[in-house]
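A short worksheet on the structure shown next.
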Amino acid sequence: MRPDKETVLRRLRRIEGQVKGLQRMVAEERPCAEVLDQFAAVKTALYSAGILMLENHTRECIRNAREGDGGEDALDDLVRVVRKFAR
């Protein structure tokens, strides 16, 4: 499965809406438990969008490595990106 740009952008727009909803919840002084539930939802949604991008990048790096197109460099780049994303 290769995510296209529109899929990722759609998810990011949805996340943007969730964050705006969080702002409203805080401004309206909604109960902390409700706000924290929404924080968790935003965090999960953002992580999932990142995973889509990471999957795409992984496939590109492996394809480049197989084709001999800077193979070792492509794998080094993949490891660097995974480490950064995993923080």
Side-chain angles (χ1 to χ4, degrees):
M1 176 182 113
R2 184 170 180 204
D4 63 351
K5 182 170 68 171
E6 281 308 311
T7 301
V8 174
L9 287 172
R10 195 174 322 114
R11 284 183 179 222
L12 290 172
R13 284 190 288 272
R14 189 176 307 132
I15 292 165
E16 181 181 23
Q18 287 177 298
V19 170
K20 287 179 181 179
L22 267 171
Q23 291 172 336
R24 278 191 303 276
M25 290 176 80
V26 170
E28 295 168 359
E29 297 183 7
R30 300 283 293 271
C32 288
E34 288 181 24
V35 175
L36 290 170
D37 282 344
Q38 288 306 307
F39 268 106
V42 169
K43 179 180 160 187
T44 299
L46 194 55
Y47 180 79
S48 295
I51 286 292
L52 283 176
M53 294 297 297
L54 182 59
E55 286 176 4
N56 187 51
H57 185 67
T58 300
R59 292 177 197 286
E60 288 179 17
C61 287
I62 290 171
R63 187 172 32 258
N64 289 342
R66 283 183 181 159
E67 294 171 358
D69 189 15
E72 194 64 34
D73 290 338
L75 293 176
D76 288 343
D77 181 54
L78 175 58
V79 169
R80 182 186 58 77
V81 169
V82 169
R83 282 187 176 152
K84 186 178 269 189
F85 184 76
R87 287 188 210 162

Sequence neighbours excluded, which residues qualify as side chain to side chain contact (heavy atoms under 4.5 Å, CB included) partners of Val81?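 Applying side chain to side chain contact (heavy atoms under 4.5 Å, CB included) to Val81 gives Leu54, His57, Asp77.
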Pairing residues for Arg10 by the side-chain hydrogen bond (donor to acceptor under 3.5 Å, both in side chains) criterion, not counting sequence neighbours: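 Arg10: no side-chain hydrogen bond (donor to acceptor under 3.5 Å, both in side chains) contacts found.
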With rounding to the nearest 0.5 Å, note down the distance linking OG1 in Thr58 to CZ in Arg63.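 Here the interatomic distance stands at 11.0 Å.
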What distance do Gln18 atom CD and Arg14 atom CZ have between them, rounded to the nearest 0.5 Å?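 Those atoms lie 8.0 Å apart.
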Search all heavy atoms of [X] against all heavy atoms of [Y] and return the closest pair with its distance.
| X | Y | result |
| --- | --- | --- |
| Cys61 | Ala74 | SG-O, 3.4 Å |
| Gln38 | Leu22 | CB-CD2, 3.6 Å |
| Arg13 | Glu6 | NH2-OE1, 3.7 Å |

Spell out, yes or no, whether [X] and [Y] are grouped together once hydrophobic residues are joined by side-chain heavy atoms under 4.5 Å, including indirect joins.
| X | Y | value |
| --- | --- | --- |
| Met53 | Val42 | yes |
| Leu36 | Leu46 | yes |
| Leu78 | Phe85 | yes |
| Leu9 | Ile51 | no |
| Leu52 | Ile62 | no |

Only pairs at least two apart or in different chains count here, so list each ring-ring contact (aromatic ring centres under 6.0 Å, His included) that has a residue in residues 8-36.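 Residue pairs with at least one partner in residues 8-36: there are none.
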Taking atom CD of Glu29 as the centre, report whether more than 12 heavy atoms of other residues, nucleotides or ligands fall under 6.0 Å from it.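 For Glu29, atom CD is not crowded (no more than 12 foreign heavy atoms under 6.0 Å).
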